[in-house]
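Proteins come first, then strands; the chains are lettered A, B, ... in the order of their sequence lines, and each starts at number 1.
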There are 2 protein chains.
Amino acid sequence: MPSRRHGIAEDLRNQIATCRIKAGERLPSEAQLAARYMVSTPTLRSALAVLEREGFIEKIHGKGNFVRHPLRKITYVGGRGTLDTRTAAEAPLRVTVRTAKIRARGHLTALLKVPTSSPLTEFLCLSHEGESPLSLARIYVPRDLMPATEPVLGESPACEMAVARFAVLRPPSAEVRETVSVRLPTPDEASALRISSALAVLAITRVTADSTGRVVEAALLVFPGDRADAVFTTHHVIDESGTQG
Amino acid sequence: MPSRRHGIAEDLRNQIATCRIKAGERLPSEAQLAARYMVSTPTLRSALAVLEREGFIEKIHGKGNFVRHPLRKITYVGGRGTLDTRTAAEAPLRVTVRTAKIRARGHLTALLKVPTSSPLTEFLCLSHEGESPLSLARIYVPRDLMPATEPVLGESPACEMAVARFAVLRPPSAEVRETVSVRLPTPDEASALRISSALAVLAITRVTADSTGRVVEAALLVFPGDRADAVFTTHHVIDESGTQG
DNA sequence: GAGTGGTCTAGACCACGAG
DNA sequence: TCGTGGTCTAGACCACTCA
């Protein structure tokens, strides 16, 4: 026996799936929907909360409830030294970058294996597809690894270009360790990605080290959980016999 | 200005974090808590819903709200040919396995690259740590790759042992492709893992192929999102120049 | 100011668990 | 049966957006 809210949620889900309510469109007001389904507003709102957690709708205070654009999943490809987030390549990806000079503190010191308050360069990258934010990246590089001659870029060029440029300057043999976790977004992340704070994110911490073991980059990547996959491919060329554990 | 429910949630979170309410313990009834915080029961319940999504409490209908055991995170180590889910190794991990003979259908045919209704062996593994379910694994192996002489094990031995045994029978060079995604659990998964259906899970689809490209195993792994990380390490021994994209 | 969503109330009634 | 959580109601009032 399905509860009212799940029945309503399913009905709306179907309407969205069958494009009877199109992407980007506004739903009828909560009062109207409550009347249509003959439920009280709290009940209707709890139905919408289900859809919000599932990523179907986006609530905007004072404006309405909007159908999110179809889940055009992006794929994060692991194991590379560079940020590489598109696969649905047809997407017109727009990336904004903000650069800052900061000093290591807190868990950054552990990630980068540097002492507290050692100089770092921070890249804050936010990628959009149309109106929908797709990913948030915070990338930290020890300042002395930055090409100081190069004017530290302002806002325009793609974050990935910037990072890729540094990649070629690095020693070629490196180790990349990527830790994937699921969590709820921080309030900052939720607003940057325009998602509900109840919609879990896929968080990837990527630490890149050169052949000497020095950490040359730490990247904190965050994706809306419903819009991203991460793929890791391992080739077992040589049998690592008994390395189990 | 924090809302009532967030204030209450934070207060309870602190009490849990500082062990003023210990793991496994029951919280006071919702009516009592509502009285203590001088809010209505729906408001109090929405505070508990926050804690539930965050993984702090577990609601059990008719019994009460219970503090979940501390987030003893397990780490899934990617890139291996075997299931390897412990790192907090002190954990007394108990695994139950159910074996079944099924036939490929739906997306399994695509994953395993086998025709519809070709024979498979399914391993359904559920690992517990004490009372808390930690992971759910559904592993599919083409039946002809199974050592038929070996009696298909009943319920007792560890899933990982079973799978590890097959691993050594396989050609050593293989490719492992692991796809990590975030989603809400299915009702089955939620009840098997004893988590709220609002608590996102970390889902890993692992496809192992031998050197000929034949898929020898597909594993669908599900972990409670708040209890698991996945780590992937890549060694860039040889510079794959310009393999970008 | 009109319309929207956000929060909260003070109940009612139902469903589950344990004795 | 009793105590628990689960669902729902019919409002009230506040906060935000936009004309």
Nearest to the side chain of [X] - [options]?
X	options	answer
B:Val39	D:dG11, C:dT9, D:dG6	C:dT9
A:Pro42	D:dG6, D:dT4, D:dA10	D:dA10
A:Lys63	C:dG6, C:dA10, D:dT17	D:dT17
A:Thr41	D:dG11, C:dG6, D:dG6	D:dG11

Starting at atom [atom1] of [X], determine the distance to atom [atom2] of [N], rounded to an integer number of angstrom.
X	N	atom1	atom2	answer
A:Leu44	D:dC8	CG	P	11 Å
A:Ile8	D:dC8	CD1	P	8 Å
B:Lys59	D:dG6	NZ	C1'	8 Å
B:His6	C:dG6	NE2	P	12 Å
B:Glu30	C:dA15	CD	C1'	14 Å
A:Ile60	C:dG6	CD1	C1'	14 Å
A:His61	D:dC18	NE2	P	12 Å
B:Gln32	D:dT4	CD	P	6 Å

Is the shortest distance from a Lys or Arg side-chain nitrogen in B:Glu58 or B:Arg194 to a carboxylate oxygen in the other one below 4.0 Å?
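Counted as a salt bridge, because a side-chain N and a carboxylate O are separated by less than 4.0 Å.
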State plainly whether the residues A:Glu30 and A:Arg45 are in salt-bridge range, i.e. N to O under 4.0 Å.
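So A:Glu30 pairs with A:Arg45 through a salt bridge.
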Heavy-atom count check: over 12 atoms from other residues, nucleotides or ligands less than 6.0 Å from A:Arg105 CZ?
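Open.
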Can a side chain N or O of [X] be found less than 4.0 Å away from OP1 or OP2 on [N]?
X	N	answer
B:Thr43	C:dT9	yes
B:Asn65	D:dT4	no
A:Ser40	D:dT9	yes
A:Arg4	D:dT7	no
A:Arg45	C:dG6	yes

Can you tell which of B:Glu52, B:Arg26, B:Arg13 makes a side chain to side chain contact (heavy atoms under 4.5 Å, CB included) with B:Ile57?
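Exactly one pass, corresponding to B:Glu52.
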Going by atom types only, do B:Thr109 and B:Thr116 share a side-chain donor-acceptor pair under 3.5 Å?
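Looking only at side-chain atoms, B:Thr116 and B:Thr109 do not form any donor-acceptor pair under 3.5 Å.
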Worked verdict on B:Val201 versus B:Arg183 for side-chain contact (heavy atoms from CB on, under 4.5 Å):
CA-CA 6 Å; B:Val201 296; B:Arg183 57 176 173 77; 4.0 Å; yes
Can you tell me how the ring of A:Phe223 sits relative to the ring of A:Tyr76, calling it parallel under 30°, perpendicular over 60° and tilted otherwise?
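Ring orientation of A:Phe223 relative to A:Tyr76: tilted.
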Which residue, A:Leu48 or B:Met38, contacts DNA chain C at a nucleotide closer to its 5' end, judged by nearest heavy atom?
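The 5'-side residue here is A:Leu48.
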Counting only N and O atoms by type, is there a donor-acceptor contact under 3.5 Å from the side chain of A:Arg4 to the main-chain atoms of A:Ala47?
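No, A:Arg4 side chain to A:Ala47 backbone: no donor-acceptor pair under 3.5 Å.
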Among residues 19-26 of chain A, which contact DNA chain C at a heavy-atom distance under 4.0 Å?
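Those residues whose heavy atoms fall under 4.0 Å from DNA chain C, taken from residues 19-26 of chain A in numerical order, are A:Arg26.
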For A:Arg5 and for A:Gly62, locate the closest nucleotide of DNA chain D by heavy-atom distance; then report the residue assigned to the nucleotide nearer the 5' terminus.
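The residue mapped nearer the 5' terminus is A:Arg5.
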